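For reference, the structure discussed in these notes is given below.
In what follows, every chain begins at residue 1, and chains take the letters A, B, ... in the order their sequences are listed. Source: prediction; values computed, not measured.
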Number of protein chains: 2
Amino acid sequence: MGTSLEPTHSRLPALPRRHDPDHADCRSVASILARVGDKWSVFVIMMLSDGPKRFNELKRMINGISQRMLTLTLRGLERDGLVTRTIFPTIPPRVDYELTDLGRGLQAPVKALGEWAITHQDQIAAARSRFDERNGG
Amino acid sequence: MGTSLEPTHSRLPALPRRHDPDHADCRSVASILARVGDKWSVFVIMMLSDGPKRFNELKRMINGISQRMLTLTLRGLERDGLVTRTIFPTIPPRVDYELTDLGRGLQAPVKALGEWAITHQDQIAAARSRFDERNGG
DNA sequence: CTGGATCCGACCAGATACTG
DNA sequence: CAGTATCTGGTCGGATCCAG
């Protein structure tokens with residue numbers, strides 16, 4: 001296969017090893033965080049919030065994504081048990097993607113993060129401008 | 001410069017364009033999500049939870065990171081106004097990194113996500129095993 | 001100690017063409 | 001419509017050397 005099925009969680013290197021209970025779960029958390037951190041994954045989860053969607057439906061909604069990335073992203077989400085893939089053997093073929101309970105559960109923290117981002121985007125944008133100006137300009 | 005200072009948020013492609021208020025902020029949210037999604041950024045934020053840390057201190061705590069990536073990550077966080085960089089002109093030089101108020105605010109949602117990850121890591125691991133078994137073997 | 005600069009391999013991600 | 005296969009460029013990330 002030319003391209004890996006695990007774009008994100010396969011890259012994890014050696015990991016912090018401490019004895020704190022907080023850090024004991026670093027490995028697993030990291031791989032899950034990596035998935036959430038994946039831009040496309042987040043978008044897909046967002047888009048699936050209001051019910052199941054078809055492949056090209058998602059592709060249209062997430063304008064910048066390539067069909068390849070969408071496939072890969074959906075595979076990853078399916079692998080992690082966050083979305084289900086339902087095939088209707090009709091002609092033309094139809095495939096529905098839908099959030100699982102697990103996936104819906106993930107929505108809450110993700111949405112919290114998203115709302116934080118929205119709330120503070122101005123501050124961050126300002127900080128970036130300041131930094132860029134101070135540095136490059 | 002050999003390497004970009006913006007490893008993540010510069011790659012953002014064309015973005016979803018809908019009329020929902022939810023999606024109006026996609027652009028900004030995406031770039032912030034990208035930062036949070038960055039594995040190293042999250043680790044650094046975690047490590048800085050309990051007070052300021054020095055460069056090599058962080059490097060030791062995050063075992064897998066190279067000094068290059070740590071530098072890049074810290075620059076990114078500094079650019080976004082999430083951490084401050086304080087230089088002590090001593091010999092040997094000493095640089096402290098500390099979370100800003102903004103950075104500390106980010107901790108809450110990130111931690112929520114982390115806790116969700118910890119809570120459901122078993123389910124996800126199981127789902128992955130199932131998927132891998134059904135698919136690859 | 002805290003980085004910057006550079007070389008270089010690895011792999012991600014887009015474009016394209018093709019299948020069922 | 002819903003993918004798969006392949007080629008390819010871009011860039012991320014580690015290793016190394018060097019400087020303040």
Side-chain angles (χ1 to χ4, degrees), chain A residues 1-15 30 34-35 37-41 43-44 52-78 83-98 135-136, chain B residues 1-15 30 34-35 37-41 43-44 52-78 83-98 135-136:
Chain A
M1 185 176 302
T3 55
S4 163
L5 258 180
E6 299 97 300
T8 42
H9 39 284
S10 68
R11 201 198 313 168
L12 300 171
L15 271 166
R35 167 145 327 287
D38 189 32
K39 186 178 62 233
W40 298 132
S41 295
F43 277 120
V44 169
K53 297 273 177 297
R54 304 179 56 176
F55 185 87
N56 274 353
E57 207 169 350
L58 285 170
K59 186 166 181 328
R60 271 190 302 273
M61 295 173 81
I62 311 176
N63 215 303
I65 198 171
S66 65
Q67 86 284 37
R68 196 181 102 89
M69 278 300 99
L70 183 53
T71 300
L72 251 34
T73 300
L74 287 168
R75 283 285 181 284
L77 292 171
E78 188 193 358
V83 309
T84 57
R85 180 164 174 269
T86 310
I87 308 176
F88 299 89
T90 59
I91 296 187
R94 170 196 179 125
V95 180
D96 272 15
Y97 293 92
E98 186 173 13
N135 183 303
Chain B
M1 188 175 301
T3 55
S4 164
L5 257 180
E6 300 96 300
T8 42
H9 39 282
S10 69
R11 201 197 311 165
L12 300 172
L15 272 167
R35 167 145 327 286
D38 189 30
K39 188 176 63 234
W40 298 133
S41 296
F43 277 121
V44 168
K53 297 272 177 300
R54 302 180 57 176
F55 185 86
N56 274 353
E57 206 169 352
L58 285 169
K59 187 164 180 325
R60 272 191 300 274
M61 295 174 80
I62 311 176
N63 214 300
I65 199 171
S66 64
Q67 120 258 49
R68 194 180 105 93
M69 278 300 98
L70 183 53
T71 300
L72 251 36
T73 301
L74 287 168
R75 282 286 181 284
L77 291 172
E78 188 193 358
V83 308
T84 57
R85 181 164 174 268
T86 311
I87 308 176
F88 299 89
T90 59
I91 296 187
R94 171 197 178 125
V95 180
D96 272 14
Y97 294 92
E98 187 174 12
N135 184 301

Side-chain contact test, heavy atoms from C-beta onward, threshold under 4.5 Å: evaluate it for [X] versus [Y] and give yes or no.
X	Y	result
A:F55	A:T71	yes
B:N56	B:Q67	no
B:R75	B:L72	no
B:Y97	B:E57	no

Any side-chain N or O of [X] under 4.0 Å from OP1/OP2 of [N]?
X	N	result
B:R85	C:dG3	yes
A:R54	D:dA2	yes
B:Y97	C:dG3	yes

Calculate the interatomic distance between [X] atom [atom1] and [N] atom [atom2]; express it in whole Å.
X	N	atom1	atom2	value
A:F88	D:dA2	CZ	P	11 Å
B:M69	D:dC12	CE	P	8 Å
A:K59	D:dA2	NZ	C1'	12 Å
A:I87	D:dG3	CD1	P	7 Å
B:L72	C:dA5	CG	P	11 Å
A:F55	D:dG3	CZ	P	6 Å
A:D96	D:dC1	CG	C1'	12 Å
A:L70	D:dC1	CG	P	13 Å

Pairwise distance [atom1]([X]) to [atom2]([Y]) - rounded to 0.5 angstrom:
X	Y	atom1	atom2	result
A:R54	A:R60	CZ	CZ	8.5 Å
A:K39	A:I62	NZ	CD1	10.5 Å
A:T73	A:R35	OG1	CZ	8.0 Å
B:W40	B:L74	CH2	CG	12.5 Å

Problem - Axis-to-axis angle between the two ends of the helix from C:dC1-D:dG20 to C:dG20-D:dC1 (five base pairs per end, rounded to 10 degrees) - result: 40°
Report each atom pair, protein N/O against N/O of nucleotides 15-20 of chain D, whose distance is under 3.5 angstrom.
none

Exercise for the section: With sequence neighbours excluded, tell me which residues meet side-chain contact (heavy atoms from CB on, under 4.5 Å) with A:I87. Expected result: A:R85, A:V95
